[in-house]
Visitor: 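Have a look at the structure that comes next, please.
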Amino acid sequence: MSDEQDRRQLNDLEERLRTDDPAWVRQFDDPPEPIRSNAGRDVLLETVAGLLAVAGALAILVGSSAAAIALLAAAGMFTCMRYS
């Protein structure tokens with residue numbers, strides 16, 4: 001088969017696809033949507049988790065075990081939210 005004949009067959013196939021299922025063909029014509037990043041959310045969660053961990057360490061130094069447990073548990077929750 002010659003290149004010209006191959007090209008005609010491909011053009012014919014493309015035209016039939018555009019007629020039969022234009023939505024499927026359009027997905028290749030349209031540029032993809034930009035990927036949204038959660039970087040700002042991740043930084044916020046890391047900051048809050050870090051501050052809670054520091055506050056929990058300070059609570060341990062002061063001798064408030066209940067506050068330390070609560071603060072460190074909250075820091076763990078924010079860390080889990082970051083990686084979920």
Side-chain angles (χ1 to χ4, degrees):
M1 296 179 84
S2 68
D3 287 338
E4 187 62 34
Q5 187 177 9
D6 289 341
R7 196 167 313 202
R8 272 183 280 164
Q9 284 182 339
L10 286 174
N11 287 339
D12 182 48
L13 178 61
E14 183 179 355
E15 188 59 37
R16 281 188 279 154
L17 281 172
R18 286 187 186 278
T19 304
D20 293 344
D21 195 358
W24 186 78
V25 175
R26 200 175 314 116
Q27 74 181 348
F28 299 105
D29 292 339
D30 296 338
E33 293 184 21
I35 298 172
R36 293 186 176 205
S37 173
N38 289 332
R41 177 182 173 263
D42 292 346
V43 169
L44 177 65
L45 289 175
E46 290 172 357
T47 303
V48 170
L51 290 173
L52 287 170
V54 169
L58 289 174
I60 290 173
L61 290 175
V62 171
S64 177
S65 60
I69 291 171
L71 289 167
L72 293 174
M77 281 188 352
F78 276 94
T79 303
C80 288
M81 288 172 56
R82 160 68 171 90
Y83 291 107
S84 64

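This chain uses plain numbering: 1 for the first residue, then up along the sequence. Owing to the predicted nature of the structure, the values given are computational and were not obtained by experimental measurement.
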Visitor: Do Phe78 and Leu44 belong to the same hydrophobic cluster, where Ile, Leu, Val, Met, Phe, Trp and Tyr are linked whenever their side-chain heavy atoms lie under 4.5 Å apart, directly or via other members?
Guide: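 Yes, Phe78 connects to Leu44 through the hydrophobic network.
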
Visitor: Looking at Arg41 and Met81, what are the two nearest heavy atoms and their distance?
Guide: NH2-O, 3.7 Å

Visitor: For the atom pair CD (Glu15) and CG (Asp20), what is the distance rounded to the nearest 0.5 Å?
Guide: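 These two atoms lie 10.0 Å from each other.
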
Visitor: How close do Ala59 and Leu71 get, heavy atom to heavy atom, and via which atoms?
Guide: CB-CD1, 4.3 Å

Visitor: Test side chain to side chain contact (heavy atoms under 4.5 Å, CB included) on Asn11 and Arg7; report intermediate values, then the result.
Guide: CA-CA 6 Å; Asn11 287 339; Arg7 196 167 313 202; 4.0 Å; yes

Visitor: Please round to the nearest 0.5 Å and tell me the distance separating atom CG of Leu51 and atom CD of Glu46.
Guide: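 If I round to the nearest 0.5 Å, the distance is 12.0 Å.
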
Visitor: Looking only at non-hydrogen atoms, find the nearest pair between Thr79 and Ala49 and report the distance.
Guide: OG1-CB, 3.7 Å

Visitor: As an exercise, state the distance from CG of Asp21 to CZ of Arg16, rounded to the nearest 0.5 Å.
Guide: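 Those atoms lie 14.0 Å apart.
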
Visitor: What is the minimum heavy-atom distance between Ile60 and Ala68, and which atoms define it?
Guide: CG1-CB, 3.5 Å

Visitor: Would you mind checking if Asp12 and Arg8 are paired as a salt bridge, meaning a charged N to carboxylate O distance below 4.0 Å?
Guide: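 No, no charged N to carboxylate O under 4.0 Å.
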
